[in-house]
Every structure is written in structure tokens, then in C-alpha cells.
Peer 1: 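I'd like to ask you about the structure that follows.
Just so you know, residue 1 is the first one in the sequence shown, and it goes up from there.
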Amino acid sequence: MTTIGRRGLLSGTAGTLAVAALPAPAWSAPRGAAPAGLPDGLAPRGGLPDRLPVEDPSRLLLSHGWLFHDGDIETPPPLTHEATYLNAKAGNARGAAAMEYDDSDWASVTLPHDWASAQPFVETANVSQGYRPRGIGWYRRTLRLDPADRGKRLELHFGAIATAATIWINGSVAARNFSGYNAVSVDLTPFARFGDELNVIVVRVDATQMEGWWYEGAGLYRHVWLAKRAPVSIATDGVHCDPRRGDDGRWRVLVTVSLESIAREPATATTRAELLDPAGRIVATGSVQSTLAPLGEATARLSLDIAGPALWSIETPTLYTVRVVSTAPGGDDERSIAIGFRTIRFDADRGFFLNETAVKLKGVCLHQDHAGVGVAVPDALLAWRLQRMKDTGVNAIRCSHNAQAAEFYQLCDRMGFVVMDENRIFNPAPENMAQLEWLVRSHRNHPSIIVWSVFNEEPMQGTEAGVEMVRRMSAAVHALDDSRPVTAAMNGSFYDPQNVSSVVDVMGFNYYQGDYDKFHALNPTKPSSSSEDTSAYMTRGAYATDRARNVMSSMDTEAAPWGATHRNAWAEIAKRPFVAGGFVWTGFDYHGEPTPFTWPSIASFFGILDLCGFPKTAYDIHRAHWIDDRAVVGIAPHWTWPGREGQPIELLVTSNAERVRIVLNGRMIGEQAVDRIMGNAFTLPYAPGRLEAVALRGGREVARATHETAGPPVALRLTPARTAMLGDGEDVVPVTIDAVDAKGRHVPTENRMARFTVDGATLIGVGNGDPNSHESEKAPQRSLFNGLAQMLLQAGEGRGRVSVTATADGLRPARLTIDRTAAAPRPRVAATPGGSFVTGWRRSPAFPAAPDPTLAPSDGDNNSWAFSRSGVATPPEPARSFRLYRAPLPVRRRIVAEGGTIAFASIEGRATVYIDGKPVATKNGEAAGTLTAPIPAGAKAVAVLVEAAAGQRSGITGTVRVAARE
């Protein structure tokens, strides 16, 4: 460490170091460097985001048209015999799950949606979940299916639901799911209705259930899709592409395709597979035929050979595509699967190898939430978060402690990360085993995944039962994918007579860095890695610990008792070749688990970046550790310390160069050989001005970091992550808000409230990275925290401009314009206009003369009157006949209070409509025709008396809509 005294600084001497004016630097900031004083990586990046390729063209986004109710809705128990009888029947869900439930006062929401992210912080709520009440919520959506969809296989795909969910389709329970991290596929086909006969999807979500000890969010927080497929189709997650290199050096892609049929007759399907190179050229093909019984399944197996493909790697993530098409009577079904050719292996002495090249895993653990949106992270924001990890030098990500969104794995494939994919619940019981098998089946095509983790820190890891559980779970993984090893993230019990390290392929250490050598000596043939390490504390922009205020220094001096500082943890990993690498806890801060504090802290302190992706000192520390292809240098703390003139300031300088030099106001203060792991310490008295850290290699400058003393703030500044966005209704651009002084310099100590107005986009969330802030993350305002805040803008549709204004008391406002480029939205299902329908009727037997219109079946008589539906004709009778149709009117608050209308799209036969026994409308013709009748306020029941001619069908043959008066 170099220490410079105040006298030495002012007199121009510093020990034996000569102080001289430096020549103008040869190095200049690269294009896209951050505006003056903003942290690295926050400068606008040019261009528009690349859209992820479409894997399954049969799927349509089901993101719009949802209604949401915050809080549970009690379903009263049935009281009468008839109500009890119907309660047990398909299609007769009651309460909020009923098709005709009055949802007219529910909120309209767009998915993905995390309702917990809008909740206030409450001291009595769960600390681990970030003091946000989660509770129970309900979703409803009306869906119109085209009559042309009849005969297709129809599925709903929920990316994930937090947490325990029950899904009803048209009044029948179609699925239940008890984890918040796995996808849920629902076969809509047997419940489907077509044309004007609408479908109603209902989801009750119980987020009081907890699977983790971190913020888990609540609701339909990932994408929801509607798949429309041919009657003989490829199963969901039904394509497995397995590239293998033979002993002769040639590659072979083993393609396994699971087929399923809803056809009524046996069918022969031809499955074709094509291998496309990165330029889209077909380089290999194959085909095979399969026969499927009605409602049957089949497996098609093919092999595609290729010599000398370009390899997938972290530096060059080259992707090929396997296009699979199933052709059978009724149409084709297609998938396009991105694959990568690469080899992986873990070596007990030399760590991890990718394509037979040793690669140290420079990893982070990631939860999935972000400031402003909780766990409902849009795809574009997810890509931005991963780019921030790339900026840090990260090459490996551990999915902590659960499956991530499908788009996460696609992005890792394209961006060049390797991934530890982790199972959530440690339990081989059938339900949990099914979730593990889903994890492997749905993700095994991704070249980014290099290892499967079956658990994290389980108390049973050192027991015979734990060993038996892992044996079964590992066997299930290998049965689906024998190309990757299995690990478990252990936090002890490594030397117990029975422990799970004996039955996994790769040993995973959570902390316990002092045991690396002992375990390796006792298990010399067992590969090992740090599956989790560090757990250091930092509050971004704070450089002294104040535990009374729940603030931790960002100088890398604070760590959990079980962990280590960022520098010390990496030092233990870097010096041991047999440790494959490490995964820092964590890459980003996250809501919840505010260790080492409780209230009022509501988020973690562990991240390399804060909740908004703003860098802490750990960012520069790990850039020095992990980036090899370019020179980097960082300096902490900032250099705005009014009132501390002449007082000593300790500096931490981090770099990957050979030497580093400190310069203050153009005068060299000191120079040291770089310590790439621990950084370099300098102490000098504070003097306002320009502080620079100059990185040298071979005596030449290769990088420079600068802090300038800021004056009082005079204005706000807005800096977008991109200067353009797609007008597709989905794209998201983070915008950084900071304050600047009269010379345009960032003011790192400013904390006042900023308020926002936005036109041309939607403000979907705000944040500032303060783990102690209780401000709303949805309001159009946010305080700066240590100089920074963030807003998240989601694009509208079509070409245009996004205009943003930020204001703060006492500061000049900032204005920003972002170009919105026209872009077609992804294929999606249009929102179906809501409404109220009468769908089910009780139909009397045929009478030779008109019956009393008040006639009705007695309570419990579920046999003499038939159950019929709107849109279904009654077969003809040999003689003229009369039938009575009865139904309760849907309960709609406004209609009950003010009255409304009932509109019949088609009635066949002469008809009279009665409301509560009183005639209100008549249709005289026998041919099909419409009929509209008034509904008085407070009405409860409708009856239709239909007279049918001999030999003619009759009845209510179209939809019946109930509406409020205009």
C-alpha cells in the first residue's frame, strides 16, 4: 500500500517518488463510454435488440385480455340438493371459477404480472420475502377459438405461476400445480368451445405457499401461450437433440421426437429433421415414419451426421438449428431447436474443460427479480441483465435455486454463458420427481447447460436417506440426459460416513473453502467446484459501515460469518486448478433475505450489482479478476467529499494490467505493481479535483478510470440503455436518472426525489438500489440513492417517439427522446371482449301443448329435464311440440341495479322469452332468427318457450349474451 501524506502531496514529494505532470494520455474512452461520471456499462448502446428465434410456431402469446383480483374470494358451500349435485359435476365450478362469475370490477392486467411487486412493505410480513404481503389472487380470461381450430390439439402453456395454482377451463379443473418455478402445460382440447361460444380460463394463485427464503413474487409472472397444433403433433418438450462426437472425430446429432395424436383414426406420421448451419444452409437431413393409434403416442428417432462443425464456446457461441417437421393427416407440426456442438468434462485435478480447453468458471448465482417489476422480468430486461453480467466478466451462471424462464436459457446459448441448472425441491416423491424431469426434459437441448444440480444446502445431505434420495434423483436425470454430470450444492457433511458427495458426479462446495484441499486429498478422483461462495456485503455508493443505519461499506471489508470478501473468496478458487471455478453469491441484489439485517431492510446486500444493475465496488474487483481480453481499471471510492479536505482517504484500485498509477490533478501520487486478486491500496489526503487510476502494461497506458469532484447539483440527467427501441409492445429500455453539477459531472451524493412523465411508452417500474427504501416501485417518482435511480420503459406499438421528462425540486428538469422503430408484435391472441353469457339450460321434455311458463324441475330432479347448452339444436319431433328452456341470469352488479338486455343470436322455432315468469319478447317465425329482450332491474331467471314444427329441429341455436343498458 502506498500512503501519501498531506505535506508530501502539497509540496510535490511523496517519499522517494518524484511528482511530475503527466503528458496527455494516449488512451481515450471507447465509443459508448458513460456520460461524465456515470458508472461503467450504463452508457447507451447502439442498435436494436435481437429477437429470440421462434422455436414453436404453433404458439401464440396470451398476454393481453386478463382480469385480476387481489385477494381470495370465498366460494360459499352448496346448500340445496341440486346445488350439491351440480357441484360434483364437470363444468360446474362455483364462485370465482364459474364461467358466469361477475368479474366486471376486476383490474385489467397484461402478462407477465407479479402482483407482489406492487404491494407495500409491511413490517409484519415475512422478512425473507422482502416484507411484502403475497396472499392469494385470481385471474380470468375469456378466449374465443375460431371454428377452424376444431380438431386441432390445443394447449395452454404457463411459463410459471407463483405459487400454488388451480386452473379451470370452462368450469372444470384442468390442472393443479404446487411449485412456482416449473412450466405448466394444460390440454385445452377436451374442454374447448368454438366460435361465438366462448371459453373462460380461471387461475387461482395461492402465493402464501413458500418454496424459498428469498422474494418469490406472486402470480402469472412468466409468459402464457396458446398452442394450436395438428391432430398428430410433436409433444411439448418432445424434441431431444443430442450432439455427440464419435471416436473418428465426426459429429452425430441424435434426434428423438415424441409424437402424440388426438385423431379418431390410426395415423401414419412422417417425421423429417434438417440440420441448418448458422447461415441457414441445410447440411444434413433424415426422415422416419411412425404409426399412432387414436389418442396414442409414438417415438421417432433419427440421426444427422456432420463433419467438422463450428464449435460452440463462451467466446464464440455458434448455434446450429435442428428443424423437425411432423406430417400426418390433418397438417404439419414444426419445431426449430437451437443446438451447439461442444464437449464438456470435469477433471478431478484440472477442473472444467470446454472443447478440451481448461476454462475456469467465473460464475455468479442469480435469483430472477429486478427493481420495479419483481419476478415479472420482460425478455428485453432479462437480456440487459445478462449483458451486465458479461460486462462484469462472468462466464458461468448458477440458476439459484430453481429453473429460470425459458428465454434465460436461449439468451445464455446466444450470449456465451455456461449454466448450472438447479432443481428446486429436494424430494424424489412423484410430484417433485416430475418437476425434476420437466427441468431436464425442457432444458436439455441448450448447449449452455453443463451440469444439473439436484439440491441446495439440504440438512439431509449427510444421512443415509439423503444419499438414497440423491441416488434416485440422479438416476432420473441421467435417464433423460446422460451427457452432463449431476452435482449437489453441499454446505457440510462432506466427511460423514453417509453423505451425498459419494453419489454425485461433481462435488459442489457452498462455502467451506478451507475444506477444498482436505476433500480433494480424500477423494482424488472426484471433480469439484465451488457451487456458491463469497456472501460479502456492500451498499452501493456507501464507503463506511454504519450498522445502526443498516449500511455496509463497499470497500470489500464486510462478509457473512460463513463467507468471505470478494477478493479473499476468489483467491482461494483461483489458486487451485482442481477447483473448477466459483459462483459468487450473488450477481445482482434481490428483494428479500436482507442479511445481516431485518426491518427496515427489504433487500439483500450480497450483489456485485444492486437491484437496478448499478455497479458496486465488487464490479470492478471481479472485472480485474475475470476479464482477460482487454485492460480494465477501477477506483473506489468516488472523489466528492466536501468538508474532508486534508483528511486521509483510502483508495482501492483494481486492475488486470501490470502496474497501476494514481494521479491527482495531473500529478502522479504513486505507482504499484498490480495485485490482480487483492487490488492495490493507496492512502492520500483528500483534495478536490480530478483523481485518476492509470493502468500500465509494458510501461504504456492501457486503461484509465477517473473520478472528478462534483459541485452542487443543478440539473437532472436521463441516460437510456439504448437510444432506440422496438415498437412491438414488449421491448423494455432501462433509463438511468442522475444529477449533475454546473459542468455536467455526476453528483454521487445526491438523494432527492425525482418525478417522471412518459409519453409513447409505459413506465412499468422504478428503483434506486437502496436496500432500505420503502418507496413504491410502481409510482412515477423515485428518490436518487447515492446519485442514481432507474426507470423501466416498455414500448408501445408502432413507429413513434418515446418522450420522458424528469423533474426534481431545485434542479433543472431533464428530457429524453427515444426513437421507437416499427416492429410487428409477436403472434398473439387478441383480447376477447368480455361479456356475460347464458351457456347452460335445463330443457323440458316435449309437450303437445304449451306448458305453464313457470314450470320448472323440482329441487333434486336432475333426470326429467335435460341439460343443454346454447348453440346446440334440439332434434326434431314427429309432431308439433313445445319445450321450455330455463336458466338463471348471470349476476352482474350493474345489470342487477339498472337492468339490461338479453340477446339471442339464434333461436329456431317460434319463441317467447319470459323474465321471472313475465313475457318480455316474442319471435313469430319458425326459421332461425335473432331475438332481443329487456331485463328489468333485479331479475333472476330467464325462460324460453319454443314451439317446433313437426320434423323440424328447434331450440336456442346461438350464443345468448346479457349486457347492461347503453
Peer 1: Hey, does Ile635 have a side-chain heavy atom less than 4.5 Å from the side chain of Leu652?
Peer 2: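 Counting from C-beta outward, Leu652 and Ile635 never come under 4.5 Å.
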Peer 1: Tell me whether the count of non-hydrogen atoms from other residues, nucleotides or ligands lying under 6.0 Å of CZ in Arg350 goes above 12.
Peer 2: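 No, the 6.0 Å shell around CZ holds no more than 12 heavy atoms from other groups.
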Peer 1: His625 side chain to Ile677 main-chain N or O, any donor-acceptor pair under 3.5 Å?
Peer 2: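 It does hold such a pair.
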Peer 1: Measure from the side-chain N and O atoms of Asn423 to the backbone N and O of Leu439, and report whether any donor-acceptor pair falls under 3.5 Å.
Peer 2: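 No.
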Peer 1: Between Arg576 and Gln513, does any side-chain donor sit less than 3.5 Å from a side-chain acceptor?
Peer 2: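 There is no such pair between these side chains.
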Peer 1: Within the structure provided, determine whether Val454 and Val486 are in side-chain contact (heavy-atom separation under 4.5 Å).
Peer 2: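 Of all side-chain heavy-atom pairs linking Val486 with Val454, at least one is under 4.5 Å.
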Peer 1: Thr654: what forms a side chain to side chain donor-acceptor pair (under 3.5 Å) with it, not counting sequence neighbours?
Peer 2: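 With neighbours one apart ignored, the set is empty.
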Peer 1: Kindly say whether Ala536 contributes a backbone atom to a donor-acceptor pair with the side chain of Thr534 at under 3.5 angstrom?
Peer 2: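 Side chain of Thr534 to backbone of Ala536: no pair is present.
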Peer 1: Run the salt bridge (Lys or Arg N to Asp or Glu O under 4.0 Å) test against Asp369 and tell me which residues pass, sequence neighbours left out.
Peer 2: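 By the salt bridge (Lys or Arg N to Asp or Glu O under 4.0 Å) rule, Asp369 matches no residue at all.
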Peer 1: To the nearest 0.5 Å, how far apart are OH in Tyr537 and NE2 in His566?
Peer 2: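 So the OH of Tyr537 and the NE2 of His566 are separated by 11.5 Å.
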Peer 1: Between the side chains of Glu532 and Asn491, is a donor N or O closer than 3.5 angstrom to an acceptor N or O?
Peer 2: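 The criterion, which ignores hydrogens and geometry beyond distance, is not satisfied for Asn491 and Glu532.
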Peer 1: Side-chain contact, heavy-atom cut-off 4.5 Å: Trp213 with Glu593?
Peer 2: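 Yes, their side chains come closer than 4.5 Å.
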Peer 1: Check step by step if ring-ring contact (aromatic ring centres under 6.0 Å, His included) holds for Tyr543 and His638.
Peer 2: CA-CA 9 Å; Tyr543 299 97; His638 60 71; 5.5 Å; yes
Peer 1: For the atom pair CD1 (Ile449) and CZ (Phe417), what is the distance rounded to the nearest 0.5 Å?
Peer 2: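 Ile449 CD1 to Phe417 CZ: 14.0 Å, rounded to 0.5 Å.
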Peer 1: Could you report the tightest heavy-atom contact between Ile602 and Pro594, atom names first, then the distance?
Peer 2: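 Looking at all heavy atoms of both residues, the shortest contact is N-CB, 4.3 Å.
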Peer 1: Once side-chain contact (heavy atoms from CB on, under 4.5 Å) is applied, do any residues pair with Asn182, and if so which ones, sequence neighbours excluded?
Peer 2: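 Checked Asn182 against side-chain contact (heavy atoms from CB on, under 4.5 Å); matches are Asn177, Ser179, Val184, Gln435, Trp438.
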Peer 1: Under the side chain to side chain donor-acceptor pair (under 3.5 Å) test, which residues partner Ser128, sequence neighbours left out?
Peer 2: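 None.
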Peer 1: Side chains of Phe606 and Met538, heavy atoms from C-beta outward: is any pair under 4.5 Å?
Peer 2: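 No. Closest side-chain heavy atoms not under 4.5 Å.
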Peer 1: CG of Leu354 to CG of Leu311: how many Å apart, nearest 0.5 Å?
Peer 2: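 It comes to 8.5 Å.
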Peer 1: Would you say Leu611 and His370 make side-chain contact, with heavy atoms under 4.5 Å?
Peer 2: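 The answer is no; the side chains never approach within 4.5 Å.
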Peer 1: Taking Val506's backbone N and O only, do any of them form a donor-acceptor pair with Thr487's side chain (distance below 3.5 Å, no angle check)?
Peer 2: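 Confirmed, Thr487 side chain pairs with Val506 backbone.
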Peer 1: Could you walk me through whether Glu558 and Ser553 satisfy the side chain to side chain donor-acceptor pair (under 3.5 Å) test, starting with their C-alpha distance in whole Å, then the side-chain angles of each, then the deciding distance to 0.1 Å, before giving a yes or no?
Peer 2: CA-CA 7 Å; Glu558 304 284 356; Ser553 170; over 6 Å; no
Peer 1: Could you check whether Glu211 pairs with Arg424 (Lys NZ or Arg NE/NH1/NH2 to Asp/Glu carboxylate O, under 4.0 Å)?
Peer 2: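 The answer is no: the pair does not qualify as a salt bridge.
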Peer 1: Under the side-chain contact (heavy atoms from CB on, under 4.5 Å) test, which residues partner Pro309, sequence neighbours left out?
Peer 2: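 Checked Pro309 against side-chain contact (heavy atoms from CB on, under 4.5 Å); matches are Trp251, Ile306, Tyr320, Phe341.
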Peer 1: What residues form a salt bridge (Lys or Arg N to Asp or Glu O under 4.0 Å) with Arg45, not counting sequence neighbours?
Peer 2: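 Here the qualifying residues are Asp391.
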Peer 1: Kindly give the heavy-atom pair with the smallest separation between Met552 and Pro596, and that separation in Å.
Peer 2: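 Shortest heavy-atom separation between Met552 and Pro596 comes out as CE-CG, 4.0 Å.
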Peer 1: Counting N and O atoms only, with roles assigned by atom type, does the side chain of Trp562 sit under 3.5 Å from a partner on the main chain of Ser535, one being a donor and the other an acceptor?
Peer 2: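 Side chain of Trp562 to backbone of Ser535, a donor-acceptor pair under 3.5 Å: no, none is there.
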Peer 1: Among residues at least two apart in sequence or on other chains, which ones pass side-chain contact (heavy atoms from CB on, under 4.5 Å) with Ala695?
Peer 2: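 Expected list: Val633, Ser655, Ala657, Val702, Ala703.
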Peer 1: Holding to side chain to side chain donor-acceptor pair (under 3.5 Å), I want the full list of residues that pass it with Asp770, two or more places apart in sequence or in another chain.
Peer 2: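 Once residues adjacent in sequence are excluded, Asp770 has no partner under the side chain to side chain donor-acceptor pair (under 3.5 Å) criterion.
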Peer 1: Please identify each residue that fulfils salt bridge (Lys or Arg N to Asp or Glu O under 4.0 Å) with Arg484, with sequence neighbours left out.
Peer 2: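 Counting only residues at least two positions away or on another chain, Arg484 forms a salt bridge (Lys or Arg N to Asp or Glu O under 4.0 Å) with Asp481.
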Peer 1: With rounding to the nearest 0.5 Å, note down the distance linking NE2 in His622 to OG1 in Thr392.
Peer 2: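 Answer for the NE2-OG1 pair, His622 versus Thr392, is 9.0 Å.
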Peer 1: Using atom types as modelled and distance alone, determine if a side-chain donor or acceptor of Asn680 lies under 3.5 Å from a backbone N or O of Asp675.
Peer 2: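 Here the side-chain-to-backbone pair exists.
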Peer 1: Got a sec, which residues hit salt bridge (Lys or Arg N to Asp or Glu O under 4.0 Å) with Asp515, two or more places apart in sequence or on another chain?
Peer 2: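 If we apply the salt bridge (Lys or Arg N to Asp or Glu O under 4.0 Å) test to Asp515, skipping adjacent residues, there are no hits.
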Peer 1: Measure from the side-chain N and O atoms of Lys526 to the backbone N and O of Val504, and report whether any donor-acceptor pair falls under 3.5 Å.
Peer 2: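 Between the backbone of Val504 and the side chain of Lys526 there is a qualifying donor-acceptor contact (under 3.5 Å).
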Peer 1: Would Asp40 and Arg623 satisfy salt bridge (charged side-chain N to carboxylate O under 4.0 Å, His left out), going step by step from the backbone distance to the final call?
Peer 2: CA-CA 11 Å; Asp40 183 82; Arg623 280 167 60 84; 3.6 Å; yes
Peer 1: Got His446 and Ile339 here, is their nearest side-chain heavy-atom distance under 4.5 Å?
Peer 2: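 The answer is no; the side chains never approach within 4.5 Å.
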Peer 1: State which residues pass ring-ring contact (aromatic ring centres under 6.0 Å, His included) with Phe509; sequence neighbours excluded, sorted by chain then number.
Peer 2: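 Partners of Phe509 under the ring-ring contact (aromatic ring centres under 6.0 Å, His included) test: Phe494, Tyr516, Phe519.
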Peer 1: Before accepting this row, confirm whether a basic side-chain N of the pair Asp505/Arg345 lies closer than 4.0 Å to the acidic partner's carboxylate O.
Peer 2: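 So Asp505 does not pair with Arg345 through a salt bridge.
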Peer 1: Rounded to the nearest 0.5 Å, what separation is found between the OG atom of Ser604 and the CH2 atom of Trp214?
Peer 2: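 So the OG of Ser604 and the CH2 of Trp214 are separated by 13.0 Å.
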Peer 1: Could you pull out the closest heavy-atom pair between Ser117 and Tyr215, with the gap in Å?
Peer 2: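 Heavy atoms of Ser117 and Tyr215 come nearest at N-OH, 3.1 Å.
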Peer 1: Mind checking whether Trp585 and Asp533 have side chains closer than 4.5 Å, heavy atoms only?
Peer 2: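 Not touching, per the 4.5 Å side-chain cut-off.
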Peer 1: Which atoms form the tightest heavy-atom contact between Val733 and Ala721, and what is the distance?
Peer 2: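 For Val733 and Ala721, the tightest heavy-atom pair comes out as CG1-N, 3.8 Å.
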Peer 1: Would Glu730 and Gln794 count as a side chain to side chain donor-acceptor pair (under 3.5 Å) here? Give the steps.
Peer 2: CA-CA 6 Å; Glu730 291 190 73; Gln794 188 160 52; over 6 Å; no
Peer 1: Between Trp626 and Gly363, what is the shortest heavy-atom contact and its length?
Peer 2: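 In this case the closest contact between Trp626 and Gly363 is CH2-O, 3.7 Å.
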Peer 1: Does Asp628 come within less than 4.0 Å of Lys362, counting only side-chain N to carboxylate O?
Peer 2: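 A salt bridge links Asp628 with Lys362.
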Peer 1: Donor-acceptor pair, distance only, cut-off 3.5 Å: does the side chain of Ser313 make one with the backbone of Thr316?
Peer 2: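 Checking the backbone N and O of Thr316 against the side chain of Ser313, a donor-acceptor pair under 3.5 Å is found.
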Peer 1: Working note: Met389 + Val364, criterion side-chain contact (heavy atoms from CB on, under 4.5 Å); need CA distance, chi angles, decisive distance, verdict.
Peer 2: CA-CA 8 Å; Met389 292 292 92; Val364 293; 3.6 Å; yes
Peer 1: Got a salt bridge between Asp242 and Arg444, using NZ or NE/NH1/NH2 to carboxylate O under 4.0 Å?
Peer 2: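 No, no charged N to carboxylate O under 4.0 Å.
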Peer 1: Side-chain contact, heavy-atom cut-off 4.5 Å: Val373 with Leu381?
Peer 2: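 In contact.
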Peer 1: Where the side chain of Arg540 meets the backbone of Lys616, is there a donor-acceptor pair that is under 3.5 Å apart?
Peer 2: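 Such a contact is absent between Arg540 side chain and Lys616 backbone.
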Peer 1: Check side-chain contact (heavy atoms from CB on, under 4.5 Å) between Leu52 and all other residues, then give those that pass, not counting sequence neighbours.
Peer 2: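 side-chain contact (heavy atoms from CB on, under 4.5 Å) list for Leu52, sorted by chain: Glu407, Gln410, Leu411, Arg414.
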Peer 1: Please check: side-chain N/O of Glu216 versus main-chain N/O of Gly212, any donor-acceptor pairing under 3.5 Å?
Peer 2: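 At least one qualifying donor-acceptor pair exists.
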Peer 1: Determine whether the aromatic ring centres of Phe605 and Phe597 lie less than 6.0 Å apart.
Peer 2: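 Yes - the distance between ring centres of Phe605 and Phe597 falls below the 6.0 Å cut-off.
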